[in-house]
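Please read the structure below before turning to the comments.
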Amino acid sequence: MSNEKHHIVPYRVYVFVLLGLIALTLLSIEITHIDLGSLTVAGAMVFAAVKSYLVLTWFMHLKYDKPYIVTMVIFVFAVFAVTIVVTFLDYLYR
Amino acid sequence: MYSSEITQASNFVKGVDTVFLITLGVSFFFLIALTVVMLIFIYKYNRKRNPKPTQIEGSTSLEIVWTVIPFLLTMLMFYYGWVGYKPMRKAPSDAMEVTVYGRMWNFSFEYENGKRTDTLYLPKDKAVKLNLVAMDVLHSLYIPAFRVKQDMVPGLENNFMWFEPQRVGEYELFCAEYCGLQHSYMYTSVKVMEDSAFQSWMVDTTQVVAENIDSPTATGRRIMQNIGCFACHTTDGSKLVGPSFKGIWGEEVTVTTGGKERQVTVDEEYIRRSIYDPNADVVDGFNKGLMLSYEGQLSEEDIENIIEYLKTLH
Amino acid sequence: MNSTSIENVANYLKYKGKYKGLLGWIFSTDHKRIGLLYLYSMATMFSVGVLLGLAMKLELLAPGKTIMDAQSYNATFTVHGVIMIFMVVVPGLPAVFGNFLLPIMIGAKDVAFPKLNLLSWWLYVAGVFLVLAALLFGPGTPDTGWTFYAPYSFKTGTNMLPAVFGAFVLGFSSILTGLNFLVTIHRLRCPGLKWSKLPLFVWTLYGTAWIQLLATPVVGITLVLIALERLFGVGIFDPAMGGDPILYQHLFWIYSHPAVYIMILPAMGAISEIIPTFSQKHIFGYKALIASTMAIAFVGYLVWGHHMFTAGMSGTAQYYFSLLTFIVAIPSAIKVFNWISTMYKGSINLQTPFYWAASFIFVFLIGGLSGLVLGALAANIYVHDTAFVVAHFHYIVFGGTGFAFFAAIHYWFPKIFGRMYDKAWANTGWIVFFIGFLTLYSPMFYLGMMGMPRRYYDYLQEFHGGNILSTIGSWVLVTGFIIIIVNLVRSARIGPKAEMNPWNGKTLEWTVPSPPPLENFDEIPELGENDGPYNY
Amino acid sequence: MEKTNHVVHDHYDAEGSKIGMWFFIFTELLLFGVLFVIYSVYRYMNSDAFHLAALELDTFIGAVNTIILLVSSMTIAMSTTALQKGNKPFTLLLSGITLLLGIVFLVNKYFEWGAKFDHGIYPGSAHLTETFSQGEILFFGLYFIMTGLHALHIIIGLVLISVTMWKINSGKVHAERAALLENSGLYWHLVDIIWIFLFPLFYLIT
Ligand code: HEA
Ligand code: HEA
Ligand code: CUA
Ligand SMILES: [Cu+2]
């Protein structure tokens, strides 16, 4: 068990990811200056989602982890998403 | 619940009772059938009679059967449940409207012509829409005989229930959502009358006017009765949630105002403040925040009548 | 271990560690000792809850004041509910039997994180004391009901903060137990014990642990919000500041509905062990039982709104929640069918645990089927917040989880204490208890259908009859309870020594001595192709 | 501890502790998840008020803090690489930078909150309840609760990283037993992810 090989991620990969994240952050700030109306929230959330995808896969090593861990992470996010949707079944139709 | 007396008390009784009977029927069937089967197995395959078990690991076809059959049955129950409920959500537009105020711990009902009561009077065979207003915490208006219940939520818009009483009589009306100390005493009754009787009751303000002329005291008392002051205050000196009104006029009370204790003498000014802004002066030994402001609910005139009444309580 | 004779093995009850006496227990990271710590602390809290329940029944014996005033009654059902739910049935079987048996059943020496396990128990105790502090100190015992509905919960003058915080800490303890079990099941299964060979009790613990993990934080943060509301007036649930009290109910039930499956799943797991053992037969539909466990765990997460049908939700939400409530009932039905089929052509050994298991099925049926009545929208509107609901959940929480708990304790007692109880007394206790149970709760169905609201300190004359019957039932029930407890406590100390495998069970815990030695196995067992928990 | 019966109980299971951390992260996600549910419900109910209230927050500080957290996330991730490569001083340096950035984040937050308090905007303040609309009260209520809870998590993360550094320094955590560092890293990234969502919700969407 303890002898499982660890994938050693080179430093530069992290630097690239960070640059990507910062770029996305700046971009999302820029984009809010354009008035997208009701899409603003959605837009910002898409940026946030992409950013957390990056953090999850690279910083949190999901890319190198066993598939079952990835499955569990997806499952948990799905449960959360479903919870929100179900809650909104009330608020959207009141 | 199936006693014939109340079966047709409102237009919803049928829908609700139907789904009740269906679910109860299915339930009893399964309960009895499964229990009997289980008892038979326990008897027949008892160690004494059947010392050697036969190993069976399962059966896919059986699993499918007993997934599909309950599924169909539950969908049936769901369907009737929805059908019985659906009409409760949409009140007819010509319904008579009554506003219900729920507060700790009484209901008061206000009719279209401004009349206020603590008992719900209704005409027979006429749709009524109750607009629910919760003043402090959650309450729930429950009339078992009519099979209706709806929570009263403070701040919720479009909080209503409707039904059509179909039988003359007097029915219980409970508060079904826990709301504190006297939750179990938060009940009153619904009086369903023939339409003509209701109409004359409705326009009959003579009694009130007469009382108004001869005695503000009686009016004050009636107002307090209807709006529910006596849920928390007594007139006999015993302490409920709030101080008793016995001998209140001219009394010296210790109150806390803005964190500081002080002595005040009960006068008009003080009583008015106590009713419009109860948390400004909190009487020693009682809790802040329980009594809520009646501003907008009681007019200047009402307050004067109340004060007249309070003066009489020695 | 240096000895082969069971007598001389340092079994987990006897070994001496760094500390002696009581300290040797409360600082022990041995999963078996922790299991017993939970058993004792829960039994204590349970007794308090029972007394409060009896007090309520006594009060309801007659209309008007009987033994207490309205304020005390409200406080009583609140504390009764909080104790029973958060301190007894939610930790319930996982904390006691899960802790004790999970590692043995999967052939491990302990759980994955023994220290964390001990910490969970400490947190449990801390939570208990916090809640008790709310009763003893401060401006009065909480009186909101165990649901803490806003806005009453931040309007009441009573001592809510410690109670709410205590419930939060209890939740944290529950999360850590769940986390520990998940890692244990994932990582510590012995060689050859594939997922498809896990005992069903372990599977239910697995499903339960996921719910604990994903649902408990929801109630945790919601209760913190109630506390913040009281302290600072943030406004989140306060209608006066724009907050929505219905949102509170959503959040509360997002946890508390899955929590009812936290209570029942391990109970179902225990029943799935007991029935095959006493029928000496392979469990019927192993895969179907696993699938239904997972289905309950998952779908159970999405039906919370059936507690709020009258709360003022949208019609769409009501439609959806009612539909899913019915769907989630189906896996439970599958389980019942499989249990009964397991008895078919078995060789049934009528012993106390089996009696409990069979009566579990009966009361669970009543509880579950009355749940269907509640799930149907129109019927729910009528009986919501009446004694009918009280009957439903006592039947299923207490009838389900409680009966399974007693089944489990009578089943694993010889393993846990290494001694056997007096079977005649155990059976007497069971029958008295069973009769008392039916007398106590059945009238409540009737009262609810007559329209008697719940949480009523006082009631109208017309509800009197049912209440008298119910109160009498409560005394019978407690008589049964006392017989059972006295029998068990006595036998744990002076009962005859038990064999290693008195019931001829096939799960791994029956392959180790009774009581098990410190680290369960001398050597980690290995399962061959044909070994399995139900291969008789 | 009391395991005197000479059984070596020291099974080191890197994957076990890793998934343990993940399970804990799941719990945390749901914990914040609830607050996000509340936020979205109230935003939906009071969209104009939320719009107005968000203007009160300083996007610049928010953005700076975002970048601080992102960088700190990178350094802690890199420190694992450094540890696996056996470069202890560099590991310590990198996690030290993380620690420092975390503290800078908190200091920023402190000033940000302080400024709000000075304007009389804090939960239950008279200024807030009297001059703002209901939606705005909710917005600020949520703002304080969510960023407050996040700050609490930063503090927990900082403690965790400090302990890890201590153990790296004393040699208890090393290339073969890197689980503690990896887990603190995971936790820190969680804190980062939450901020990734908090930032647009409170500062950006106006
Ligand atoms: C262990 C706990 C537990 C369990 C397992 C359940 C199981 C179920 N519960 Fe219960 N419930 C509670 C504990 C539990 N409940 C509590 C504590 C409350 C009250 C909380 C409060 O307000 O204080 C409550 C309240 C409650 C309500 C809200 C009542 C109200 O306030 O208005 C509803 C409504 O739908 C409901 C439904 C159900 C259903 C459909 C199931 C189903 O899962 C049941 C499934 C089981 C069966 C159906 C039996 C087996 C079936 C067969 C053998 C075959 C025949 C079946 C079919 C044809 C389908 N429950
Ligand atoms: C596990 C849950 C549980 C249990 C066991 C009980 C047990 C009892 N309950 Fe219940 N009760 C609740 C959970 C439970 N209750 C909840 C959640 C509420 C709602 C509170 C609210 O409204 O907020 C409630 C409310 C409630 C009311 C309604 C209050 C009202 O609405 O006005 C009443 C009324 O009489 C009552 C009575 C009783 C009685 C007499 C007992 C008992 O005294 C019966 C005696 C029991 C026994 C003799 C043994 C049972 C054995 C086990 C369960 C297993 C053992 C486990 C271990 C030792 C760990 N309870
Ligand atoms: Cu009003 Cu209960
Ligand atoms: Cu439920």
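What you see below is based on every heavy atom in this structure, not just the backbone, and it leaves out hydrogens, waters and symmetry mates. Please read all numbers here as calculations on a predicted model, not as lab measurements. Just so we're on the same page: letters track the sequence lines, and every chain starts at 1.
- Of the listed residues (B:Arg89, B:Lys52, B:Met88), the greatest number of heavy-atom pairs within a distance under 4.5 Å of chain C belongs to B:Arg89.
- Here C:Ile330 is the residue among C:Leu365, C:Asn535, C:Ile330 with the most heavy-atom pairs under 4.5 Å with chain B.
- When the candidates B:Gln182, B:Met104, B:Met77 are compared by the number of heavy-atom contacts under 4.5 Å with chain C, B:Met77 comes out ahead.
- Of the atoms belonging to C:Ala240, not a single heavy atom falls under 4.5 Å from chain B.
- Other residues, nucleotides and ligands contribute over 12 non-hydrogen atoms within 6.0 Å of the CZ atom of B:Phe286.
- Chain B forms more heavy-atom pairs under 4.5 Å with one residue of C:Leu350, C:Asp69, C:Asn338 than with any other, namely C:Asn338.
- With a 4.5 Å cut-off on non-hydrogen atoms, C:Ile340 touches chain B through its backbone and its side chain both.
- Residue C:Met241 does not touch chain B at all, counting heavy-atom pairs closer than 4.5 Å.
- In this structure, the portion of B:Glu63 lying under 4.5 Å from any heavy atom of chain C is its side chain and not its backbone.
- Note that the OH atom of B:Tyr45 and the NZ atom of C:Lys281 stand 9.0 Å from one another [nearest 0.5 Å].
- Under a cut-off of 6.0 angstrom, the local environment of OH in B:Tyr185 is crowded, with over 12 non-hydrogen atoms contributed by other residues, nucleotides or ligands.
- The greatest number of non-hydrogen atom pairs below 4.5 Å with chain B, out of C:Pro331, C:Ser341, C:Gly315, is found for C:Gly315.
- Heavy-atom neighbours of C:Tyr344 OH from other residues, nucleotides or ligands within 6.0 Å: at or below the threshold of 12.
- Heavy atoms closer than 4.5 Å to chain B are found nowhere in C:Tyr459, neither backbone nor side chain.
- The side-chain contact (heavy atoms from CB on, under 4.5 Å) search around C:Leu323 returns B:Met75, B:Phe78, not counting sequence neighbours.
- Side-chain contact between C:Phe354 and B:Ile42 is present, with heavy atoms from C-beta onward closer than 4.5 Å.
- For B:Asn50, the parts lying under 4.5 angstrom from a heavy atom of chain C are both the backbone and the side chain.
- Looking at C:Thr386, the atoms closer than 4.5 Å to chain B (heavy atoms on both sides) all sit in the side chain, from C-beta outward.
- For chain C, the nearby part of B:Tyr187 is the side chain; its heavy atoms alone come within less than 4.5 Å.
- For B:Leu156, the part lying under 4.5 angstrom from a heavy atom of chain C is the side chain only.
- Only the backbone of C:Ile283 comes within contact range of chain B, with at least one heavy atom under 4.5 Å from a heavy atom of that chain.
- Using a 4.5 Å cut-off between heavy atoms, B:Leu62 touches chain C through its side chain atoms alone.
- Heavy-atom distances place no part of B:Met152 under 4.5 Å from chain C, backbone and side chain included.
- Listed options B:Ile22, B:Leu34, B:Val26, B:Val83 were ranked by heavy-atom pairs under 4.5 angstrom with chain C; first place goes to B:Leu34.
- Classification of the B:Trp66-C:Phe284 ring pair by plane angle, with boundaries at 30° and 60°, yields tilted.
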Inset, instruction - Begin with the C-alpha distance, continue with both residues' side-chain angles, and end with the deciding distance and a verdict on side chain to side chain contact (heavy atoms under 4.5 Å, CB included) for C:Tyr152 and B:Glu177. - result: CA-CA 11 Å; C:Tyr152 185 71; B:Glu177 182 62 65; over 6 Å; no
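- In this structure, chain B has heavy atoms under 4.5 Å from both the backbone and the side chain of C:Val383.
- The choice from C:Ala75, C:Ala311, C:Pro245 that makes the most heavy-atom pairs within less than 4.5 Å of chain B is C:Ala311.
- In this structure the side chain of B:Thr74 never reaches within 4.5 angstrom of the side chain of C:Ile327, judged on heavy atoms.
- Among B:Ser27, B:Cys179, B:Gly15, the residue making the largest number of heavy-atom pairs under 4.5 Å with chain C is B:Ser27.
- The distance from the CD atom of B:Gln55 to the NZ atom of C:Lys345 is 12.0 Å, given to the nearest 0.5 Å.
- Contact tally against chain B (heavy-atom pairs below 4.5 Å) for C:Tyr149, C:Phe278, C:Tyr286, C:Tyr319: the top residue is C:Tyr319.
- Between chain B and the residues C:Ser279, C:Pro151, C:Ala379, C:Gly346, the most heavy-atom pairs under 4.5 angstrom are made by C:Gly346.
- Every residue meeting the side chain to side chain donor-acceptor pair (under 3.5 Å) condition with C:His392, not counting sequence neighbours, appears here in chain and number order: C:Ser370.
- Only the side chain of C:Phe77 comes within contact range of chain B, with at least one heavy atom under 4.5 Å from a heavy atom of that chain.
- A donor-acceptor contact under 3.5 angstrom links the side chains of C:Asn74 and B:Tyr178, judged on distance only.
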Inset, instruction - Could you walk me through whether C:Ile348 and B:Tyr43 pass side chain to side chain contact (heavy atoms under 4.5 Å, CB included), step by step? - result: CA-CA 9 Å; C:Ile348 295 171; B:Tyr43 176 79; over 6 Å; no
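- The distance from the CD atom of B:Gln150 to the OG1 atom of C:Thr310 is 6.5 Å, given to the nearest 0.5 Å.
- Taking a 6.0 Å sphere around OH of B:Tyr80, one finds it holds 12 or fewer heavy atoms contributed by other residues, nucleotides or ligands.
- For the atom pair CD1 of C:Ile246 and CG of B:Leu138, the computed distance is 8.0 Å after rounding to the nearest 0.5 Å.
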Inset, instruction - Go through C:Asp458 and B:Ser184 one step at a time and tell me if the side chain to side chain donor-acceptor pair (under 3.5 Å) criterion holds. - result: CA-CA 6 Å; C:Asp458 199 353; B:Ser184 65; 5.7 Å; no
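- Looking only at distances, a side-chain donor or acceptor of B:Tyr142 sits under 3.5 Å from a matching main-chain atom of C:Tyr382.
- Contacts between B:Thr18 and chain C at a heavy-atom distance below 4.5 Å are absent for every atom of the residue.
- Both the backbone and the side chain of C:Phe362 come within contact range of chain B, each with at least one heavy atom under 4.5 Å from a heavy atom of that chain.
- Shown here for C:Ser347 and B:Pro51, the closest heavy-atom pair between the two residues is OG-O, 3.2 Å.
- A 4.5 Å side-chain heavy-atom check between C:Phe337 and B:Phe30 finds at least one atom pair inside the cut-off.
- Side-chain contact between B:Arg147 and C:Ile381: absent, with no pair of heavy atoms (C-beta onward) separated by less than 4.5 Å.
- Heavy atoms closer than 4.5 Å to chain C are found nowhere in B:Phe28, neither backbone nor side chain.
- From C:Phe326, atom CZ reaches atom OG1 of B:Thr23 across 7.0 Å, with rounding to the nearest 0.5 Å.
- Heavy atoms closer than 4.5 Å to chain C are found in the side chain of B:Glu172, but not in its backbone.
- Taking NE2 of B:His183 as the reference point, atom CG of C:Asp143 lies at 12.0 Å (rounded to 0.5 Å).
- Shortest non-hydrogen contact noted between C:Pro453 and B:Ala176 is CB-CA, 4.4 Å.
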